[in-house]
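Here's the structure, in structure tokens; my notes come after.
As the structure is a computational prediction, the values presented were derived from the model and not from experiment. The chain is numbered in sequence order, starting from 1. Side chains are part of it too, since the values below use all heavy atoms of this structure and drop only hydrogens, waters and symmetry mates.
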Amino acid sequence: MRKVAVVFLMAILPAMGFSQSVFDKYEDMDNVGSVIVNKGMIDLVSKIGSISDDPEAQEFMEIASGLKNVKVFMTEDSSVSADMSSTVKKYLKSSKLEELMRVKDKDVNVKFYVRDGKKKDHVSELLMFVSGLENVEVGHKGRKLETVLVSLTGDIDLNKIGTLTSKMDLPKDLNKASGK
């Protein structure tokens, strides 16, 4: 039942409004898949989840309540991938993000950038950019991704990012940001 509620809430997400970012231009592109979850949706899901007696759901709600936005953009189009790469580079020059780490495995590059938060081990923004994917299939239609961009903003506890990634079906590479 919880999964049905989350899917329904994500379907009505566009009507709830959202803050603009340099990456929002990808949301309306035909050859870009996107998932945008904003504070209103996070708060709504937190209220529904607070009813649960499940300790795992409670932990997820505690972590998610600190988030303002979750944005995921995926493409298999090489020209859009190049544009994403260029946009990320420009954004990094103008923002106060610093590189947390990078992982290279064959042609795949995963880079993590963060903006420090108010507490130790907390960040106010976490950006993950994955490029060079060629043989990664997603979904039942066999779509092959080339690039994935994930942006999380809010109060993010890096020690608990694993719980967040598993419950929201975010890329498992985000777990590497916490050192786990």
Side-chain angles (χ1 to χ4, degrees), residues 2-3 5-29 32-52 54 56-75 84 87-101 110-130 147-180:
R2 247 183 262 140
K3 289 183 180 185
V6 171
V7 170
F8 171 74
L9 293 174
M10 291 185 79
I12 64 168
L13 176 65
M16 298 189 75
F18 53 91
S19 62
Q20 293 291 312
S21 86
V22 67
F23 305 117
D24 287 345
K25 66 182 182 179
Y26 299 114
E27 188 175 355
D28 295 325
M29 291 184 176
V32 176
S34 64
V35 177
I36 312 294
V37 183
N38 296 293
K39 186 66 175 161
M41 177 62 78
I42 293 166
D43 290 345
L44 190 57
V45 172
S46 293
K47 287 177 187 175
I48 292 170
S50 66
I51 298 169
S52 172
D54 182 3
E56 197 173 281
Q58 291 291 336
E59 181 183 9
F60 170 73
M61 292 306 146
E62 178 185 320
I63 296 163
S65 68
L67 291 176
K68 291 181 183 176
N69 289 301
V70 176
K71 298 182 180 191
V72 181
F73 302 101
M74 307 157 278
T75 188
M84 280 185 177
T87 301
V88 167
K89 286 177 186 174
K90 288 177 190 173
Y91 181 66
L92 292 172
K93 287 180 184 178
S94 67
S95 70
K96 294 181 180 178
L97 292 176
E98 62 182 64
E99 186 175 274
L100 179 64
M101 68 180 292
V110 182
K111 296 180 181 180
F112 298 93
Y113 303 93
V114 294
R115 177 175 298 140
D116 287 336
K118 294 179 182 176
K119 300 176 189 173
K120 185 182 181 199
D121 293 334
H122 285 239
V123 295
S124 61
E125 183 174 2
L126 174 63
L127 182 73
M128 181 183 83
F129 185 64
V130 183
T147 303
V148 177
L149 173 64
V150 179
S151 173
L152 304 173
T153 58
D155 180 24
I156 305 158
D157 184 346
L158 290 177
N159 297 313
K160 296 183 178 182
I161 200 77
T163 300
L164 191 65
T165 58
S166 66
K167 293 294 180 193
M168 292 186 76
D169 275 339
L170 294 172
K172 302 298 181 236
D173 286 327
L174 277 173
N175 292 336
K176 294 176 184 173
S178 65
K180 295 181 179 180

*Give a yes or no on whether the backbone of Leu92 and the side-chain of Tyr113 come within a donor-acceptor separation of less than 3.5 Å.*
no
Residues at least two apart in sequence or cross-chain that pass side-chain hydrogen bond (donor to acceptor under 3.5 Å, both in side chains) with Asp116, listed by chain then number, are none
Note: Leu67 and Val70 closest approach over all heavy atoms is CD1-CG2, 3.7 Å
Sorted by chain and residue number, the side chain to side chain contact (heavy atoms under 4.5 Å, CB included) partners of Ser124 (sequence neighbours excluded) come out as Arg115
So CG of Asn69 and CG of Leu152: to nearest 0.5 Å the spacing works out to 9.5 Å
Residue set satisfying side-chain hydrogen bond (donor to acceptor under 3.5 Å, both in side chains) with Lys111, at least two apart, ordered chain then number -> none
Rounded to the nearest 0.5 Å, the CG atom of Leu127 sits from the NZ atom of Lys71 at a distance of 11.5 Å
Value for CG (Asp24) from CZ (Phe73), rounded to nearest 0.5 Å, stands at 5.5 Å
- Between Tyr26 and Thr87: side-chain donor-acceptor atoms closer than 3.5 Å: yes
Those residues at least two apart in sequence (or on a different chain) that pass side-chain hydrogen bond (donor to acceptor under 3.5 Å, both in side chains) with Glu99 are Arg102
Check this for me, if you would: do Lys119 and Asp157 make a salt bridge, where the nitrogen-to-carboxylate-oxygen distance has to be below 4.0 angstrom? no
Can you check side chain to side chain contact (heavy atoms under 4.5 Å, CB included) on Glu125 and Leu97, steps first, answer last? CA-CA 8 Å; Glu125 183 174 2; Leu97 292 176; 3.7 Å; yes
>> Go through it in stages, so that I can follow the logic: the residues are Met84 and Val32, the test is side chain to side chain contact (heavy atoms under 4.5 Å, CB included), and I'd like the CA-CA distance, side-chain angles, deciding distance and then a yes or no.
In response: CA-CA 11 Å; Met84 280 185 177; Val32 176; 4.1 Å; yes
The salt bridge (Lys or Arg N to Asp or Glu O under 4.0 Å) partners of Lys25 (sequence neighbours excluded) come to Asp83
